[in-house]
Undergrad: 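Pasting a structure below so you can have a look.
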Amino acid sequence: MTVKTNKIHTPNDTAIKRITAEDELHAAFTLAENVFMQFEAPTFTKRGAESFLSFLWGKKVKEMFKNGSFAVWSCYCGNELAGMIALRDCEHISLAFVRSDFHRQGIGRMLYAAAKAEALSHGTKRITVNASDCGIPFYHAMGFRQTNIQLLADGIQYTPMAARI
């Protein structure tokens, strides 16, 4: 399967780019791990943090990336990697992280717009996410609504949410 390269230019020297190479994926996942450790890990159990990191750096994600079922975008502000988002099977946000020094600058919104455009291009009508407590306000702002009570799996507490697109 051929992976498309999409680069969306935005104001203020900010660019959203579809990740196509493993070194870019590694940089995005390193950002995800760093933001996770800063904001999420302190609220997780040890098992939950280990489960998240195992998912992030595991073989399954790399295989999905290679076969095209795990699309990832990065956001660069100038030369700095500011955020990333990953969409599984054109319908589920698996990862979404923005560095703290880039919070509240529209980066999460731009990343979500890239993922949403990809989903729409595949005929998806609904995007889901398993939101962390920190992410719930952002997802509400993007039009997501809670679809179930807060759940716990593999030590990870999350709130299932969905949005019509």
Side-chain angles (χ1 to χ4, degrees), residues 3 16-76 80-105 107-112 114-116 118-119 124 126-165:
V3 178
I16 306 295
K17 181 183 181 297
R18 173 94 179 246
I19 292 176
T20 59
E22 284 197 39
D23 61 329
E24 295 172 316
L25 185 68
H26 183 82
F29 282 7
T30 299
L31 179 143
E33 179 178 352
N34 291 340
V35 175
F36 170 80
M37 295 305 289
Q38 181 179 4
F39 292 102
E40 305 290 344
T43 68
F44 275 46
T45 63
K46 181 180 179 186
R47 179 175 178 229
E50 289 171 352
S51 293
F52 174 80
L53 294 172
S54 177
F55 166 78
L56 183 66
W57 297 108
K59 290 181 182 179
K60 183 177 179 181
V61 168
K62 285 184 181 176
E63 289 170 8
M64 290 187 300
F65 177 74
K66 286 179 184 177
N67 75 27
S69 64
F70 196 81
V72 184
W73 292 265
S74 57
C75 177
Y76 283 89
E80 292 190 69
L81 179 59
M84 60 82 64
I85 194 167
L87 186 67
R88 187 184 73 226
D89 298 327
C90 295
E91 64 184 25
H92 182 78
I93 297 172
S94 291
L95 302 166
F97 292 94
V98 176
R99 280 181 21 196
S100 62
D101 52 333
F102 288 99
H103 281 183
R104 311 222 32 96
Q105 296 180 33
I107 290 170
R109 184 176 298 274
M110 289 184 283
L111 286 163
Y112 174 61
K116 183 177 171 180
E118 177 77 4
T124 302
R126 180 176 178 255
I127 292 181
T128 60
V129 66
N130 293 332
S132 68
D133 287 345
C134 291
I136 290 172
F138 169 76
Y139 290 113
H140 276 302
M142 297 299 104
F144 283 76
R145 297 294 167 247
Q146 188 171 332
T147 59
N148 202 343
I149 60 170
Q150 194 169 62
L151 301 172
L152 179 68
D154 295 323
I156 299 173
Q157 193 168 314
Y158 63 94
T159 300
M161 301 180 83
R164 290 190 170 275
I165 58 172

Undergrad: What closest approach, in Å, do His92 and Val129 show between heavy atoms, and which atom pair accounts for it?
TA: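 Scanning both residues, the minimum pair turns out to be CE1-CA, 3.6 Å.
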Undergrad: Given 3.5 Å as the limit, does a donor-acceptor pair link the side chain of Arg99 with the main chain of Leu81, or not?
TA: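 Yes: the side chain of Arg99 pairs with the backbone of Leu81.
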Undergrad: Nearest 0.5 angstrom please: Lys116 NZ to Met142 CE, how far?
TA: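 Spacing of NZ (Lys116) from CE (Met142) equals 9.0 Å.
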Undergrad: For Phe29 and Leu95, which heavy atoms make the closest approach, and how far apart are they?
TA: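 Closest heavy-atom pair between Phe29 and Leu95: CE1-CD1, 3.7 Å.
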Undergrad: So do the side chains of Leu87 and Trp73 get within less than 4.5 Å of each other, counting heavy atoms only?
TA: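 Yes. Closest side-chain heavy atoms under 4.5 Å.
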Undergrad: Show, in sequence, the C-alpha distance, side-chain angles and deciding distance for Ile93 and Tyr139, and conclude whether the side-chain contact (heavy atoms from CB on, under 4.5 Å) test is met.
TA: CA-CA 11 Å; Ile93 297 172; Tyr139 290 113; 3.7 Å; yes
Undergrad: Does any N or O in the side chain of Asp89 come within less than 3.5 Å of the main-chain N or O of Glu91, such that one atom is a donor and the other an acceptor?
TA: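 Here the side-chain-to-backbone pair does not exist.
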Undergrad: Can you tell me how far CZ of Phe55 sits from OG of Ser94, rounded to the nearest 0.5 angstrom?
TA: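 The OG atom of Ser94 sits 4.5 Å away from the CZ atom of Phe55.
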Undergrad: Please answer whether the main-chain N or O of Asp154 pairs with a side-chain N or O of Ser51 as donor and acceptor at a distance below 3.5 Å.
TA: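 Such a contact is found between Ser51 side chain and Asp154 backbone.
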Undergrad: To the nearest 0.5 Å, what is the distance between CZ on Phe65 and CD on Glu22?
TA: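 The distance works out to 7.0 Å.
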Undergrad: Please report the closest heavy-atom contact between Leu25 and Val72, naming both atoms and the distance.
TA: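 In this case the closest contact between Leu25 and Val72 is CD1-CG2, 3.8 Å.
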Undergrad: With rounding to the nearest 0.5 angstrom, report the CZ to CG distance, Arg109 to Leu111.
TA: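 It is 12.0 Å, given to the nearest 0.5 Å.
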Undergrad: Please report the interatomic distance OH(Tyr158) to CG(Leu152), rounded to the nearest 0.5 Å.
TA: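 It comes to 8.5 Å.
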Undergrad: Under the side-chain hydrogen bond (donor to acceptor under 3.5 Å, both in side chains) test, which residues partner Glu24, sequence neighbours left out?
TA: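 Once residues adjacent in sequence are excluded, the partners of Glu24 under the side-chain hydrogen bond (donor to acceptor under 3.5 Å, both in side chains) criterion are Lys17.
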Undergrad: Could you give the distance from CG (Leu31) to CZ (Phe36), rounded to the nearest 0.5 Å?
TA: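 Taking CG in Leu31 and CZ in Phe36, the distance rounds to 13.5 Å.
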Undergrad: Under the side-chain contact (heavy atoms from CB on, under 4.5 Å) criterion, do Phe144 and Ile127 qualify, and how do the steps go?
TA: CA-CA 8 Å; Phe144 283 76; Ile127 292 181; 3.9 Å; yes
Undergrad: Which atom names give the shortest non-hydrogen contact between Ile156 and Gly48, and what distance separates them?
TA: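 Between these two residues, the closest heavy atoms are CG1-O, 3.5 Å.
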Undergrad: List the atom of Gly143, the atom of Ala163, and the distance in Å for their closest heavy-atom pair.
TA: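 For Gly143 and Ala163, the tightest heavy-atom pair comes out as O-CB, 3.7 Å.
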Undergrad: For this output row, return yes or no: ring centroids of Phe52 and Phe44 closer than 6.0 angstrom.
TA: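 So the answer is no for these two rings.
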Undergrad: Identify the two heavy atoms, one from Ala21 and one from Ile19, that lie closest to each other, and give their separation to 0.1 Å.
TA: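 Scanning both residues, the minimum pair turns out to be O-CG2, 3.6 Å.
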Undergrad: Looking only at the side chains, is there a donor atom on one of Glu33 and Trp57 sitting less than 3.5 Å from an acceptor on the other?
TA: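 Trp57 and Glu33 do have a side-chain donor-acceptor pair below 3.5 Å.
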